[in-house]
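The chains referred to below are lettered A, B, ... by the order of the sequence lines, with proteins before strands, and numbering in each begins at 1.
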Protein chains: 2
Amino acid sequence: MRRTEIATLGEFGLIDHLTKNIEIKNPGTLKGIGDDAAVLSYGNKKTLVTTDLLLEGIHFDLMYVPLKHLGYKSAVVNFSDIYAMNGQPKQITVSLGISKRFSVEDLELFYGGLSLACREYGVDIAGGDTSASLTGLAISITCIGEGEEGKIVYRNGAKETDLICVSGDLGAAFMGLQLLEREKAVYDGKTDFRPDFTGKEYLLERQLKPEARKDIIKALAGEGIIPTSMIDISDGLSSELKHICKQSKAGCHIYEERLPIDYQTAMMAEQFNMNVTTVALNGGEDYELLFTVPLYMHDKVSKIKGVHVIGHITKEGSGLNLETRDGTEIELKAQGWGSIE
Amino acid sequence: MRRTEIATLGEFGLIDHLTKNIEIKNPGTLKGIGDDAAVLSYGNKKTLVTTDLLLEGIHFDLMYVPLKHLGYKSAVVNFSDIYAMNGQPKQITVSLGISKRFSVEDLELFYGGLSLACREYGVDIAGGDTSASLTGLAISITCIGEGEEGKIVYRNGAKETDLICVSGDLGAAFMGLQLLEREKAVYDGKTDFRPDFTGKEYLLERQLKPEARKDIIKALAGEGIIPTSMIDISDGLSSELKHICKQSKAGCHIYEERLPIDYQTAMMAEQFNMNVTTVALNGGEDYELLFTVPLYMHDKVSKIKGVHVIGHITKEGSGLNLETRDGTEIELKAQGWGSIE
């Protein structure tokens, strides 16, 4: 593959080069790349802003994450945060710290994935800059979205007896990561076990090309449901439930048997000798939505494809509890994932 | 000094700890820290967004930059970008990547500087997160501001005969950096020259505690002046002039003798055997405003304290020219500073 040193373009040349084919689609994007700041306008809508910093070696490993996938995922995880407020992502700005290891072609791949995600979700790239980095790739993405007055959903509105709902299934992205880590160990010569990815495509896709649940936000709106609280599952179900319960001043009771788990996840956990419930509770990077709705909406919410009712909110002080298949009640521990500890 | 390992607080504990005293001041900040995204509202104003990624070893050196100053400067450079659009900064979000080298107290110092800057400029800290870093400190700050319909100033509006104006003086922050670099060389034992900072306080302050020119934006509004183009000087006057001329499809003619230079800058350049004009043109990190106004506004703009008319815009294709003290015309080269090359 062609390798163009970044120095041949210079900083301004690089951003011009990477963004030359980017078109503005949202009428709210008054000014995109090429000034001190992006200019946005939402009339009387509320503006939502979320930001993410991704560092090589901590949040991603380029040994097994292709740059195009990394670009796609970097954008999608930010969209997911806006959907988790019941909003619509509209613009992103992108800052990159790049070491000399990377060529212009590498960055084209990254921007290719980023642009693809933006096209698929109807989001504009409204700004970007690049600078040098001494130590690998650093990615900072800010996403701006809009929400309607009275329809923005926070983490603090869950009430006793509310139903706890989860979209999609849990733990697959984590098992995908385990697979890739094992592949890396093979590559490093630390083990001679050669993984076969056949029948595990779903796990890899969940890790390498996650999607944000725009469809669920649309379906909820279609049913006239405004959740009482909502969060996206990036650090694992337990950790996110803890956020909702803490901010809503409430407890929760969920059922092990209701946790949505794909059969590939279950098979893989078995192979790796892991407890699949632990994987579903603490795996992280699912980018599914966790939300609560009033009890009387049970039938309405159950109708939505891909939504699972996994338990209910309890009163403050009653703790975060999981009822196991054999009827035992155990306390949920939020182990988090990729946390600072 | 007390040293608390970050692991004792955990990721969520750390952000709670760092942000517990932060109050929301702007009515437009509907929701700050503690949800998937900040929620902002500007009624019918335009929203401005700018973002910056600062990496240790590239954008700052903790050998001579105190963490409190780093926090202050990280915020101020973002405010400067919003002022450069003729807007008012209102909120920031902060993401940190932190290696194990840093303690809770270190981060308190950083947040102390950040909060001080926010208080002084009337900006809210509306969101933040922290994650681990393998290699020192990474800082990503996004600033959201507001601008009035029809009063936002871009880089592309400069017209032939417009006056080119600069606030404050140029090159001091760069000379401050040279001083600090020499101090560091002493510390490393690479030289035994011991620098004396007496009489050089201004240079150090310009490097370590820069201010954004909120006052100039206010003064321009007071005089009823809306610049035809504007940019803040972060990469050096030449580089910023190049941006304005390129985007405005114009050339420029500036006068060496009109470049505003503080006497400490001139003295220090002499000592370091540097050409002070080169320093003023290419030094960078001045965070002064470079803007253009129509010719007929000469008297009005000259009245504003701290504003200097340094030349005028010429027609497209006539190049970027500097007229030296002896009347020679030379072409400006945008060397930039801290660029990727």
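The heavy-atom pair separating A/His59 from B/Ser131 by the smallest distance is CE1-OG, 3.1 Å. Closest of all the heavy-atom pairs between B/Ala132 and A/Leu55 is O-CD1, 3.6 Å.
Residue contact with chain A, scored on non-hydrogen atoms closer than 4.5 Å, involves the side chain of B/Ile152 exclusively. Heavy atoms of A/Ile82 lying under 4.5 Å from chain B belong exclusively to its side chain. With a 4.5 angstrom heavy-atom cutoff, B/Glu56 touches chain A only via backbone atoms.
When each of A/Leu48, A/Val49, A/Thr50 is scored by its heavy-atom pairs under 4.5 Å with chain B, the top score falls to A/Val49. Residue with the most contacts toward chain A among B/Glu149, B/Lys46, B/Gln91: B/Lys46 (heavy-atom pairs, distance under 4.5 Å). Taking chain B as the reference chain and counting heavy-atom pairs below 4.5 Å, the highest number among A/Ser133, A/Gly97, A/Gly145 is found for A/Ser133.
The shortest side-chain heavy-atom distance between B/Ile139 and A/Leu53 does not fall under the 4.5 Å cut-off. B/Leu134 has its side chain within reach of A/Ile58: a pair of non-hydrogen atoms, C-beta onward, lies under 4.5 Å apart.
Partners of B/Thr51 according to the side-chain hydrogen bond (donor to acceptor under 3.5 Å, both in side chains) rule, which considers only residues two or more places apart in sequence or in another chain, are B/Thr142.
Expressed to the nearest 0.5 Å, how far OG of B/Ser95 lies from CG of A/Leu54 amounts to 9.0 Å. Note: B/Thr47 OG1 to A/Glu146 CD = 10.5 Å, rounded to the nearest 0.5 Å.
For residues 73-94 of chain B, the pairs satisfying salt bridge (charged side-chain N to carboxylate O under 4.0 Å, His left out) are B/Lys73-B/Glu285, with sequence neighbours left out.
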So A/Ile144 and B/Ile144, side-chain contact (heavy atoms from CB on, under 4.5 Å) or not? Walk me through it.
-> CA-CA 10 Å; A/Ile144 303 106; B/Ile144 303 104; over 6 Å; no
